[in-house]
Amino acid sequence: MQVSARNEKYSAKYYPDAVTSWDQKGNLFYFHCSDTQLEVRVVNDKVIRFRYAPESRFARDFSYAVPADLQDSLISLSAFDDGENVAIITTQVKCFINKSNLTIRITDHQGMVICEDEAGFHWQHYLWKGGKIVYCSKKIQEGEVFYGLGDKPCELQLRGKRFENYGTDAYAYGADTDPLYKNIPFYYGLHHGKSYGIFFDNTFRTLFDFGSERPDVSSFWARGGEMCYYFIYGPKMLEVAEEFSNLTGKPELPPMWALGYHQCRWSYFPDSKVKDVAMEFRKRGIPCDVMYLDIDYMEGFRCFTFSKEYFPDPKGLTKQLEDAGFKTVVIIDPGIKVDPEYSIYTDGLKNDVFCRRQDGALMEGDVWPGKCVFPDFTNPRVRDWWSDLFGVLIENGVAGVWNDMNEPAVFEIGTFPEDVRHDYDGESVSHRKAHNVYGHLMAKATYQGLKKHMMPKRPFVITRSAYAGIQKWSSVWTGDNTATWEHLWIASQQCQRLSISGVSFAGSDVGGFIGEPDGELYTRWVQMAAFHPFMRTHSASNETGFDQEPWSFGPFYEAICKRFIQMRYRLLPYLYTTFWQNYRYGTPMLRPLVFVDQDNPETYGRNEEFMIGDHLLIAPVSSPGEKTKRVYLPSGGWYYHWNDSYHKGRQEVTVAAPIQHIPFFIREGAIIPTWPQMQFVGEKKVKEITLHVFYKDGKEESFLYLDDGENMGYKNSHYRIIRFEVKGSKNDFQIRQNTLGHYIDPAEKFKVIVTGIPFDSKEFIVDGKSHQISERNRAIGKLKFTIDKKFHEIIIR
Ligand code: MIG
């Protein structure tokens with residue numbers, strides 16, 4: 001029948017037929033089928049991009065994740081046609097393109113299949129919305145597990161589940177809520193100890209299925225746009241993460257103060273309240289670097305204004321805070337109030353910066369200020385316009401900007417209707433295509449604005465919504481969580497997952513945004529967040545007028561929270577070095593256990609422990625009343641922080657977990673740098689850095705990165721990198737260092753504290769000069785001495 005035939009045509013899925021011809025131009029390959037085409041771009045020896053064009057029409061080659069100047073960098077490349085397949089070969093992988101159906105099979109050089117298509121590329125008409133739904137399906141390999149996808153709140157391992165990305169203001173979400181705020185269409189597969197990544201660079205609504213629909217098939221698809229994805233080979237998961245960062249852009253270094261403790265509230269006002277809270281930190285000796293102003297600092301929620309009533313002298317306020325060692329961060333939402341008296345609105349109209357509906361009317365919607373219009377951040381001209389607006393904030397002493405509501409969120413209707421038009425850097429598209437990058441590009445424009453007005457100081461931006469690659473411009477937080485134990489656990493999953501999705505600089509609202517935690521929950525959250533890259537307490541206003549600060553739960557909990565915030569400050573050189581690794585190599589700061597020990601299937605399903613940096617393993621307590629905690633230790637040897645006991649890895653240990661402790665371990669052979677306790681970054685000039693050294697029978701390396709912590713000079717070799725190597729045997733232990741870079745660090749001494757020496761040591765030799773080991777050196781079972789920072793070699797025997 002006519003009708004059903006027509007239906008069939010439009011509901012059918014179309015699969016590629018045989019390759020009729022193929023050709024190669026350098027590292028680009030084209031495969032022609034009767035009505036489809038595939039482009040294969042070999043980016044480097046581990047990274048291959050596939051673009052599949054139904055009906056042979058490629059889209060514009062453009063990305064909001066991958067910088068346009070990405071350099072292809074290959075060691076070697078060859079290709080041959082064996083009649084059945086075309087094989088593309090690099091030093092790392094072999095990629096076979098099946099000429100009968102365009103399916104892809106990628107193997108390593110031993111012939112092990114890493115990633116293999118099931119049906120591979122296919123598509124469907126999308127009659128109602130236009131364009132095509134583009135698909136790719138792959139075989140799930142034996143024992144394969146999956147990770148990644150940004151801010152998903154569930155457990156780390158994703159097999160058996162299905163997800164979608166469409167940025168959503170997910171107030172009070174739960175562990176099963178999907179989608180959330182961020183859109184990071186990137187995942188890892190791991191099987192037989194080898195891993196790869198798939199980055200599906202498509203900004204429409206994207207979907208991922210890891211064996212939920214069919215148990216042995218994984219697939220991803222989008223409701224529009226192009227089937228464009230990158231295959232990234234590891235085989236180490238950390239290598240996949242680093243390649244993904246290479247592709248989507250590495251972050252800059254944050255100002256060091258942003259690693260400190262942040263205090264936030266919806267909202268602290270008037271200005272006297274902000275000052276009072278800040279001074280309370282100093283009075284109680286709880287370190288803090290940053291105070292936030294939430295929406296009530298503005299004049300009627302008008303962005304880039306200050307309330308005349310509550311913040312009559314913003315410059316005076318930020319100056320007083322600065323004098324006491326606090327930076328001020330203010331919120332900026334995308335909604336611009338419709339108000340003919342408001343210059344940003346009128347100027348925006350004049351410059352035609354606001355989004356329009358398909359028929360030309362402005363996109364209007366209610367947010368906090370009432371009726372608003374919204375800049376089209378997908379337009380480079382609008383981003384420039386927006387970036388100019390930040391002058392007024394910088395002049396008033398603001399040090400960082402917090403972008404909220406940029407999914408975008410709109411009252412009543414949730415988000416923009418799909419017909420809203422966007423420039424999309426010159427393409428003119430509907431909201432369907434721009435939705436998932438709206439907040440991403442707002443953060444980009446904000447970052448651009450801060451840079452423009454703050455140079456040579458480093459900007460600080462934090463955003464709620466994002467697309468892949470956000471790390472280039474901004475940090476993130478996990479949105480509107482609740483004050484429950486489940487959410488403490490969720491925050492741990494989300495921060496780990498964001499970290500492996502390119503976005504290390506992430507944190508949660510400590511204690512929960514919605515509702516009130518009790519002292520125990522708040523304290524456990526502080527203990528965990530002390531080891532997260534971003535640490536901020538934030539909470540919403542409520543009827544009881546309860547404020548969420550480290551002292552809100554009485555002196556018992558205050559003392560514990562204080563101890564952990566202090567510990568974070570002493571650990572700043574270690575944390576900062578971990579930021580440097582993320583900036584320099586794209587290495588995730590937080591690492592799930594599977595990233596540390598991927599040959600060991602015991603780690604695949606572990607959610608409870610994570611590592612920060614190379615050497616610290618943390619096991620947050622996420623249920624009330626816990627007295628002990630079972631912790632799985634990955635391979636290697638581990639020292640338990642609270643009593644220095646040594647434990648072999650690849651086993652579960654049970655440790656005491658009283659409220660005064662968070663279980664944490666240090667890798668054997670590690671050198672953990674710390675510096676003196678401070679109330680805020682830069683309070684004291686550091687004269688001496690302490691090196692906590694942990695004996696290992698064998699070798700291990702550690703790093704210490706130093707620079708001025710606030711300016712951009714590190715990009716021009718104003719930094720110092722110290723690489724330590726330790727080497728231990730049954731009767732001696734050596735520590736060596738070498739350094740790189742031009743920065744002169746003011747600290748002149750290292751205080752060295754060695755733990756775990758198994759032999760009866762008599763002397764330590766520093767660059768050939770021997771020193772006797774006395775009782776004094778040996779206090780509390782550790783060896784301690786202070787030496788010139790420029791040493792080359794220490795031998796203990
Ligand atoms: O509709 O600015 O996630 O951190 O305090 C709520 C007020 C808007 C949501 C953010 C939250 C912030 C709040 N915002």
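All ligand and atom numbering here is 1-based and tracks the order in the structure. Quick note: numbers below take in every heavy atom, side chains included, and nothing from hydrogens, waters or symmetry partners.
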Inset, instruction - Show the protein residues that qualify under the rule heavy atom under 4.0 Å from an atom of ligand 1, listing them in chain and number order. - result: W266, D294, I295, I331, W368, W402, D404, M405, R464, W477, D480, F513, H538
Legend entry - R536 NZ/CZ over Y292 ring centroid, <6.0 Å and within 45° of normal: yes
Legend entry - For W477, the option from W402, F505, F534 that meets ring-ring contact (aromatic ring centres under 6.0 Å, His included): W402
Inset, instruction - Verify the ring-centre separation between Y557 and Y522: is it less than 6.0 angstrom? - result: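 Not under 6.0 Å, so no.
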Legend entry - salt bridge (Lys or Arg N to Asp or Glu O under 4.0 Å) involving D388 - partner list, sequence neighbours excluded: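 Scan of D388 (salt bridge (Lys or Arg N to Asp or Glu O under 4.0 Å), adjacent residues dropped) gives K452.
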Inset, instruction - Output, in order, the C-alpha distance, side-chain angles, deciding distance and verdict of side-chain contact (heavy atoms from CB on, under 4.5 Å) for K472 and K250. - result: CA-CA 6 Å; K472 299 188 285 286; K250 289 180 196 135; over 6 Å; no
Legend entry - Heavy-atom pair with the smallest gap, counting every atom of F326 and M291: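 Taking every non-hydrogen atom into account, CD2-CG, 3.8 Å.
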